[in-house]
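Data block below; observations after.
The first residue of the sequence shown is numbered 1, and numbering continues consecutively from there. Any value given below was found using the heavy atoms of this structure, including those in side chains, with hydrogens, waters and symmetry copies removed.
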Amino acid sequence: FRNDRTLQVAELTRRLGVPYRHVRYVLEQGILPKGVAESPGRGEHRDLTPAQAFWLAIVLVLKENGVKTPMAGKLADHAARAIPGIAANASWEWHYNPFQGRIDTEFEWYLDIGDSKYVRIATTANPSVDGVFEFEWSKIGRFGTVREVDPLVVIRLDIARLGRLLKEQSPR
């Protein structure tokens with residue numbers, strides 16, 4: 001959806017195919033995107049900006065796939081810090097920043113979780129690499145490379161595809 005539009009929580013859950021009660025649980029746990037009130041007024045709907053919807057979508061999809069909610073929030077925070085820096089600072093795709101509502105990308109972007117301890121970004125945006133370029137692993141909740149890590153279990157979240165799901169034509 002466009003950067004000047006908002007998305008209600010019910011519509012977000014519909015687009016992601018997750019139960020509405022899951023988003024209520026996440027929000028009640030205080031796992032909130034920046035700028036979202038912990039408890040809106042009675043009878044008020046939560047309207048999410050594209051950036052807030054994207055952050056929350058990462059949490060919901062990870063939760064739906066077995067990642068504990070607090071961990072999913074840390075992983076969304078990691079992606080929110082790492083992806084814009086990679087896309088803009090490396091000049092690979094300077095306009096791409098789904099955490100500011102700029103969801104369109106011509107490349108693939110992934111968030112990898114290894115052994116529930118490590119995180120990294122992977123992308124096809126690196127012009128020097130044919131295929132997917134995988135950054136080094138970091139410990140979840142920290143920046144800085146962790147050497148000699150070879151996770152046995154890796155979960156890969158397709159960030160670019162998640163953006164396409166959120167961009168689906170809104171009825172409003």
Next on the checklist: Please give me the minimum heavy-atom distance between Pro70 and Ile31, naming the atom from each residue.
Outcome noted: CA-CD1, 4.0 Å
Item to check | Contact check, side chains of Gln52 and Leu7, non-hydrogen atoms, under 4.5 Å | outcome: no
Next on the checklist: For Val132 versus Ala122, what's the shortest heavy-atom pair and its separation?
Outcome noted: CG1-CB, 3.7 Å
Checklist outcome for this item: Leu75 meets the side chain to side chain contact (heavy atoms under 4.5 Å, CB included) criterion, sequence neighbours left out, with Leu62, Val67, Met71, Leu111, Ile113, Val119, Ile140
Item to check | NE2 on His22 to CG on Leu27, rounded to 0.5 Å | outcome: 13.0 Å
Next on the checklist: Is there a path of hydrophobic side-chain contacts, each under 4.5 Å between heavy atoms, that joins Ile121 and Val129?
Outcome noted: yes
Next on the checklist: Quick test of your reading: applying salt bridge (charged side-chain N to carboxylate O under 4.0 Å, His left out), list the pairs with at least one residue in residues 17-26, sequence neighbours left out, ordered by first then second residue.
Outcome noted: Arg24-Glu28
Item to check | salt bridge (charged side-chain N to carboxylate O under 4.0 Å, His left out) partners for Glu136, two or more places apart | outcome: none
Checklist entry - What residues, two or more places apart in sequence or in another chain, satisfy salt bridge (charged side-chain N to carboxylate O under 4.0 Å, His left out) together with Arg161? => result none
Checklist entry - Does Trp55 belong to the same Ile/Leu/Val/Met/Phe/Trp/Tyr cluster as Val18, with side-chain heavy atoms less than 4.5 Å apart forming each link? => result yes
Checklist entry - Does anything in residues 140-154 pair up under side chain to side chain donor-acceptor pair (under 3.5 Å), and if so which pairs, sequence neighbours excluded? => result none
Checklist entry - So, for Pro151 and Gly114, which heavy atoms are closest and what is the spacing to 0.1 Å? => result CB-CA, 3.7 Å
Checklist entry - Taking all non-hydrogen atoms of both residues, which atom of Ser138 and which atom of Gly144 are closest, and how far apart? => result OG-O, 3.2 Å
Next on the checklist: Once side chain to side chain contact (heavy atoms under 4.5 Å, CB included) is applied, do any residues pair with Ala57, and if so which ones, sequence neighbours excluded?
Outcome noted: Leu12, Leu16, Leu162, Leu166
Item to check | Heavy-atom closest pair, residues Ala51 and Gly101 | outcome: CB-N, 3.9 Å
Checklist entry - ring pair (Phe, Tyr, Trp, His ring centres under 6.0 Å) with Trp109: which residues, sequence neighbours excluded? => result Tyr96
Checklist entry - When clusters are formed from ILVMFWY side-chain contacts under 4.5 Å, directly or step by step, what else is grouped with Val149? => result Tyr118, Trp137, Val146, Val154
Checklist entry - Can you check whether Leu60 reaches Val23 side chain to side chain, under 4.5 Å on heavy atoms? => result yes
Checklist entry - If you look only at pairs with a residue in residues 58-69, which of them pass as a salt bridge (charged side-chain N to carboxylate O under 4.0 Å, His left out), with sequence neighbours excluded? => result none
Next on the checklist: Quick test of your reading: applying salt bridge (charged side-chain N to carboxylate O under 4.0 Å, His left out), list the pairs with at least one residue in residues 118-135, sequence neighbours left out, ordered by first then second residue.
Outcome noted: Asp112-Arg120, Arg120-Glu134, Glu134-Arg156
Checklist entry - Just wondering, do Ile159 and Ile58 contact through their side chains at under 4.5 Å, heavy atoms? => result yes
Item to check | Asn97 side-chain N/O to Phe99 backbone N/O, donor-acceptor pair under 3.5 Å | outcome: yes
Checklist entry - By side chain to side chain contact (heavy atoms under 4.5 Å, CB included), which residues pair with Glu108, not counting sequence neighbours? => result Tyr110, Thr124, Asp158, Ala160, Arg164
Next on the checklist: With a 3.5 Å distance limit and no angle check, can you tell me whether Thr6 reaches the backbone of Thr49 through a side-chain donor-acceptor pair?
Outcome noted: no
Checklist outcome for this item: On a heavy-atom basis, the closest approach of Arg102 and Trp94 is NH2-O, 4.3 Å
Item to check | 4.5 Å side-chain heavy-atom contact, Thr105 and Glu93 | outcome: yes
Checklist outcome for this item: Residues at least two apart in sequence or cross-chain that pass ring pair (Phe, Tyr, Trp, His ring centres under 6.0 Å) with Phe133, listed by chain then number, are Trp92, Phe135
